[in-house]
Structure formats: structure tokens, C-alpha cells
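Since the structure comes first, as C-alpha cells, the remarks are kept for the end.
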Amino acid sequence: MIEDKFKTYDFLINDEDEAMLLLYAHDSEPQNPRIELDTDTGSAVLQRNPQDILELDDVPDEIMDSLQDADSLLVCELSLDNDKETRIVYAYEAEITD
């Protein structure tokens, strides 16, 4: 069940057309994170660290458009606690590559 939560993510775009990725926090810390875009398939691969790689499928077109013009993506990893308050565990920029 917990593994399914790691596959849950969402993107947001602010008024300046900057995208942000929200996902549940993993146990390991991010190290030199980067995200590789595949505009042909509308997918991306987020490498949080050398051991932790996430495949992001069905990335919306407006997110892909925003990311193509950017150098990095803001990533916020949220707590998995069952509290009523969600907290940010990790916030970082992932370099965008393609």
C-alpha cells in the first residue's frame, strides 16, 4: 500500500508559467536531482539520487511546455504521515535534461 503512494504525484503551474512537482517523501535524501523529459511520449524520469529513480507517466502537455523553457523544476516532497497537517520534508530544484 505504501508503495502505491510513492507513485502518486501532481504538477502545479504558477502565474509565471513555472511548474512544480508534488510527491510523497521517500526515505532517502535527494542528491544532485535531475529530471529527464521525453516530449515524444509525454513522460519524464526523476532521478532523486543514484539509487532512487521515479518514472512519471502522462505528464500534461501544459507542464511539458512549461518545462521545455526552464532549466530546473521545483520539487516538493510531502510527508506520508496520517496527520491532518501535511508538511514538506524535502524541497529542491531538479536540473532539467532532455
Side-chain angles (χ1 to χ4, degrees):
M1 181 76 160
I2 296 279
E3 285 298 315
D4 289 338
K5 289 186 179 184
F6 288 135
K7 295 178 185 178
T8 302
Y9 58 88
D10 199 6
F11 287 95
L12 300 174
I13 295 182
N14 66 14
D15 292 338
E16 285 80 36
D17 195 39
E18 298 167 328
M20 177 173 62
L21 173 62
L22 301 172
L23 53 103
Y24 286 111
H26 290 230
D27 292 333
S28 61
E29 291 188 30
Q31 294 176 315
N32 300 319
R34 65 179 185 267
I35 186 164
E36 184 176 337
L37 306 177
D38 187 338
T39 55
D40 294 333
T41 63
S43 63
V45 175
L46 173 65
Q47 182 173 345
R48 296 180 67 255
N49 58 46
Q51 297 80 28
D52 199 357
I53 298 171
L54 303 167
E55 294 182 23
L56 309 172
D57 298 319
D58 301 320
V59 177
D61 291 339
E62 61 269 14
I63 299 297
M64 279 294 193
D65 290 343
S66 175
L67 294 177
Q68 286 179 329
D69 296 332
D71 295 326
S72 62
L73 169 67
L74 177 60
V75 180
C76 289
E77 296 189 23
L78 308 173
S79 62
L80 270 172
D81 302 334
N82 291 330
D83 303 1
K84 290 186 179 188
E85 287 187 39
T86 301
R87 62 182 177 82
I88 297 173
V89 178
Y90 301 112
Y92 54 90
E93 290 192 16
E95 179 185 2
I96 297 174
T97 61
D98 50 26

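All of these numbers come straight from a predicted model, not from anything done at the bench. When a residue number appears, it is its place in the shown sequence, counting from 1.
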Taking every non-hydrogen atom, the tightest pair across [X] and [Y]:
| X | Y | value |
| --- | --- | --- |
| Ser28 | Asn49 | OG-ND2, 3.0 Å |
| His26 | Tyr90 | O-CE1, 3.7 Å |
| Met64 | Asp38 | CE-O, 3.6 Å |
| Thr86 | Ser79 | CA-OG, 3.9 Å |
| Ala19 | Ser66 | N-OG, 3.5 Å |
| Glu77 | Ala25 | OE1-CA, 3.3 Å |

| said: As a test of understanding, state which of Ile63, Ile35, Leu37 forms a side chain to side chain contact (heavy atoms under 4.5 Å, CB included) with Leu73. | reply: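 That would be Ile35; it is the only one of Ile63, Ile35, Leu37 passing the side chain to side chain contact (heavy atoms under 4.5 Å, CB included) with Leu73.
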Tell me whether the count of non-hydrogen atoms from other residues, nucleotides or ligands lying under 6.0 Å of [atom1] in [X] goes above 12.
| X | atom1 | value |
| --- | --- | --- |
| Asn32 | CG | no |
| Ile53 | CD1 | yes |
| Glu62 | CD | yes |
| Asp71 | CG | no |

Taking a hydrophobic cluster as the set of Ile, Leu, Val, Met, Phe, Trp and Tyr residues connected by side-chain heavy atoms closer than 4.5 Å, whether directly or through intermediates, do [X] and [Y] fall within one such cluster?
| X | Y | answer |
| --- | --- | --- |
| Val89 | Tyr9 | yes |
| Met20 | Leu67 | no |
| Leu23 | Leu78 | no |
| Leu22 | Leu74 | yes |

| request: Find the distance between CD (Glu36) and CG (Leu46) and round it off to the nearest 0.5 Å. | output: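 Going from the CD atom of Glu36 to the CG atom of Leu46 covers 11.5 Å.
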| said: Given 3.5 Å as the limit, does a donor-acceptor pair link the side chain of Asp52 with the main chain of Pro30, or not? | reply: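 No: the side chain of Asp52 does not pair with the backbone of Pro30.
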Counting C-beta onward and ignoring hydrogens, is there a side-chain heavy-atom pair between [X] and [Y] closer than 4.5 Å?
| X | Y | result |
| --- | --- | --- |
| Arg48 | Val75 | no |
| Leu21 | Leu56 | yes |
| Glu55 | Ser43 | no |

